[in-house]
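First comes the structure, then the notes that go with it.
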Amino acid sequence: MPFDFDTPPDRSQSDSIKWRRYANQDVLPLWVADMDFAAPPAVLAALQERIAHGVLGYAHPWPSLLDAVVEGIARDHAWHIEKEWIVWLPGVVQGFNLACRLAGEPGDGVLTFPPIYPPMLLAPDNQQRRLVRSNLVLAGGRWEYDWDGLDALLETQRARLLLLCNPHNPVGRTWSREELTRLAWHAEKHDWLICSDDIHCGLVIDPTQRYVPIASLDEAVAQRTITLMAPSKTWNIPALSSAFAIIPNASLRKQYVAAGRGLLPDVNVLGLTATEAAYRSGAPWRDALLPYLLGNARRVQEVINALPGLSCTAVEATYLAWIDCRSLNQASPQKFFEQHGVGLSDGRDFGMDGFVRLNFGCSRELLEEALRRISLAVLAAQAG
Ligand SMILES: Cc1ncc(COP(=O)(O)O)c(C=O)c1O
């Protein structure tokens, strides 16, 4: 079945956070992480069928939903989980905030790797824990963990939780088995809990890469790991607020559920309905989406890397490009591009100055226009 990513619905007058920010300005919104595409037809059909039933009473996750998630994760990621390991959540952000609560005592360290999704930088403090940062480094044109820096850091800083993002927003890396094994070695050595935010795992666009859940490395790692997943990024349904944690360790799972008791709402029935449809029937749409996103990623790379003062690494996963503007000589690259008609995310929010993040989850036409504006802005600034 063909899917049309070239002519997405017009969101300019809609409720979209992404589009409303610049509703009355000629600024193309390529910031917050949702895509401009309509959700897969199979998901929309399931939602319509559920609405047609008419009654929207309290719902409990049902057996065929659990089967769809378990089978989808086995099929897509070769990871065999049990239904009992799943804890439903209204969002992944709540999921890693909850994990921070299980990290030792108030004041204990939570290790994470900037640049990273901003709420992950805020979660430790939200939960009376202390952020321990080990910045990623650019090595040979690729973002990597700073292994030497990490060893040095751990001599003075004690952490109780490793907060991982795999694939990593915003640098687009799909962490390799070797890299994850090395992190897991540290986790064993220092007795860390691991919380891995794998919300982008269905969006590996580089066909040479493969997503590996850290919990699938071995039984010991699985026992200390909370893996967070959701259909929201892959199938573009983030406003349906449906996510889940996978926690193989029964006692950890009990603590996790207890930490959220009375605070977290149940996932709403439409979110659950969409989740089942996405995991059961969303593969053809995703199979068509990934090459489209890869084409967009390649265009971003081609244009950005040809411009003076800008560069970006290859995106292995996600629909986000992390653009290095440190040689552009602009105090705020985000503001600079905004003034030239392109709304990007500010690297500072991700814990790294001098960068912007570009969301290429949009039509090729819109992307081309944004890249044209970016090029004109850079060339004009150079000439001036
Ligand atoms: C790494 C990461 N985690 C979590 C989220 C948001 O998850 P949720 O909307 O389920 O809270 C995002 C959204 O951009 C993200 O990129």
Side-chain angles (χ1 to χ4, degrees), residues 15-18 21 29-37 39 69 86-100 110 112-124 126-127 136 143 161-175 194-205 211 213-214 226-246 260 263-268 270-272 274-275 278-279 293 315-322 343-347 349-352 355-362:
D15 50 30
S16 158
I17 290 182
K18 188 184 187 183
R21 173 179 280 186
L30 273 64
W31 62 290
V32 71
D34 67 24
M35 297 187 279
D36 286 341
F37 312 127
V69 169
I86 297 174
V87 178
W88 291 92
L89 296 166
V92 164
V93 171
Q94 285 85 356
F96 57 69
N97 271 273
L98 220 48
C100 288
V110 174
T112 199
F113 303 94
I116 201 158
Y117 178 57
M120 297 178 87
L121 295 174
L122 304 175
N126 288 343
Q127 310 306 333
L136 299 178
W143 287 96
L161 170 69
L162 170 67
L163 195 51
L164 190 65
C165 190
N166 181 30
H168 193 107
N169 171 9
V171 302
R173 278 293 319 277
T174 305
W175 300 116
I194 301 173
C195 176
S196 193
D197 174 346
D198 295 10
I199 195 169
H200 294 279
C201 69
L203 290 170
V204 179
I205 57 175
Y211 155 71
I214 192 166
I226 298 164
T227 306
L228 302 172
M229 287 190 184
S232 52
K233 297 291 155 185
T234 307
W235 289 284
N236 206 33
I237 48 173
L240 290 179
S241 303
S242 173
F244 52 90
I246 302 168
L263 292 173
L264 298 184
D266 291 336
V267 176
N268 75 75
L270 297 182
L272 295 175
T275 301
Y279 279 90
L293 292 178
V315 180
E316 297 168 352
T318 74
Y319 44 79
L320 308 164
W322 185 239
L344 305 172
S345 302
D346 193 338
D349 297 337
F350 296 74
M352 202 169 270
F355 289 79
V356 289
R357 192 192 72 174
L358 182 151
N359 174 348
F360 56 80
C362 61

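What you are looking at is a predicted structure, and each value in this text was computed from that prediction instead of being measured. All ligand and atom numbering here is 1-based and tracks the order in the structure.
- Protein neighbours of ligand 1 below 4.0 Å, counting non-hydrogen atoms: A33, G91, V92, V93, Y117, C165, N169, D197, I199, H200, K233.
- In this view, P119 and V93, F96, Y117 satisfy the side-chain contact (heavy atoms from CB on, under 4.5 Å) rule, not counting sequence neighbours.
- Looking at N268, its side chain does come within 3.5 Å of a backbone N or O of G271 through a donor-acceptor pair.
- Here the side chain of Y319 pairs a donor or acceptor atom with the backbone of A33 at under 3.5 angstrom.
- When the salt bridge (Lys or Arg N to Asp or Glu O under 4.0 Å) test is applied to R173, the partners found at least two apart in sequence or on another chain are E179, E316.
- Partners of N166 by side chain to side chain donor-acceptor pair (under 3.5 Å), not counting sequence neighbours: none found.
- Taking the side chain as every heavy atom from C-beta outward, W143 and H168 never approach each other to under 4.5 Å.
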